[in-house]
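So the structure is just underneath, and the comments pick up after that.
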Amino acid sequence: MDVYGLIGNPVGHSLSPPMHEAGYEALGLDARYVTFEPPADSGAEAIEAAATLGVDGLNVTIPFKQDVLDAVDPAPLAERIGAVNTVDFDGGTPTGYNTDAVGAVRALEHHDVSLSGTAVVVGAGGAGRAVAFGLADEGLSVRIANRTESKADALADEVPDASGHGLDSLPNLLADADVLVNCTSVGMEEDTTPVPADALHGDLAVLDAVYTPIETRLLQDAAAAGATTVDGAWMLLYQGVEAFERWTGEDAPVDRMNDQLRDHL
Ligand code: ATR
């Protein structure tokens, strides 16, 4: 039996176990996905312990995404982002990937969004960082807007072809943008949005990383403006799909994993 799982603290409400196990079942794989909650500051030790135990793959979430870099060989994108959310144990030093970045890209691709032109990323925290690098890797010009403008500027200095801005620049930035991704927590469990509704337009594709609620105020405003909308569960799905495919070497049964994920939201 193959063993995969998640380390984080807390991991209690993770949607990853049902999503991954639906994938194993659909493909007839003898595998399980379990959650582990090591104490804070023990991310690297947890990876070493998992390698010793013969665990096949781990997802990594808060607060361990940076700590585990010390225990893995990071793939180039994960190294640039400075955070790992997926570890593949295939003998030797485990490899660390950042599938949050690829998850956003694949969520947009699933909705036939053309990955060219200009993207506006709102937020410069962990999620904003991953998405900014991921979109820049696809060749988009990235404009980062953040409440604390200095953090947007600092991130933009690291990301190729990027610039940093405050939130008050959003209307200007969005006027000729192609893609908008909300990577702040604004809108989570509340009817608020980080983007003025009248700055949205029909030529935009809007991805909200927030998935509680699934139809955030931002996505409702985007739909009303005629934009293509992509909810946060797609990003969650595709970070998991990308990990699943790296671990198993199989094409993930995306529809089955998506159904399970949405059933558990
Ligand atoms: P994550 O890992 O989910 O990205 P994070 O690193 O804590 O979480 O980052 C949270 C992001 O949401 C930041 O960009 C934060 O802006 P600041 O850098 O100015 O703190 C943004 N954010 C959180 N609450 C916000 C609010 N009420 N309005 C605007 N931005 C907010």
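Just so you know, residue 1 is the first one in the sequence shown, and it goes up from there. Note that ligands are numbered from 1 as they come in the structure, with each ligand's atoms numbered from 1 the same way.
- Residues Tyr211 and Leu15 meet the side-chain proximity criterion, which asks for heavy atoms closer than 4.5 Å.
- Per-residue contacts place Thr148 under 4.0 angstrom from the following atoms of ligand 1 (heavy atoms of the residue considered): 17 (P), 18 (O), 19 (O).
- Using a 4.0 Å cut-off to heavy atoms of Gly126, the atoms of ligand 1 that qualify are 1 (P), 2 (O), 4 (O), 6 (O).
- Per-residue contacts place Lys151 under 4.0 angstrom from the following atoms of ligand 1 (heavy atoms of the residue considered): 17 (P), 18 (O), 20 (O).
- The shortest side-chain heavy-atom distance between Leu108 and Trp234 does not fall under the 4.5 Å cut-off.
- Asn98 is not listed as a side-chain neighbour of Lys65, based on a closest heavy-atom distance of 4.5 Å or more.
- The closest side-chain heavy-atom distance from Arg106 to Glu242 is below 4.5 Å.
- Closer than 4.0 Å to atom 10 (C) of ligand 1 lies none of the heavy atoms of the protein.
- Salt bridge Asp137/Arg80: present, at least one basic N to carboxylate O contact under 4.0 Å.
- The atoms of ligand 1 that sit less than 4.0 Å from any heavy atom of Ala127 are 1 (P), 2 (O), 4 (O).
- In the vicinity of Ser185, heavy-atom distances shorter than 4.0 Å reach the ligand 1 atoms 12 (O), 23 (C), 24 (N).
- The atoms of ligand 1 that sit less than 4.0 Å from any heavy atom of Gly123 are 14 (O).
- Among protein heavy atoms, atom 30 (N) of ligand 1 sits closest to Arg147 CB, 3.8 Å.
- Ring to ring, Tyr4 and Phe244 are not that close: their centroids are 6.0 angstrom or more apart.
- Summarising the contacts of atom 5 (P) of ligand 1 with Ala124, Gly125, Ala145, the nearest heavy atom is found in Gly125.
- The single protein non-hydrogen atom nearest to atom 16 (O) of ligand 1 is Asn146 OD1, 3.3 Å, given as residue, atom name and distance.
- Considering only heavy atoms from C-beta on, Asp208 stays 4.5 Å or farther from Asp231 through its side chain.
- Nearest non-hydrogen protein atom to atom 28 (N) of ligand 1 is Val186 CG2, 3.5 Å.
- Using a 4.0 Å cut-off between a side-chain N of Lys or Arg and a carboxylate O of Asp or Glu, Asp191 and Arg217 qualify as a salt bridge.
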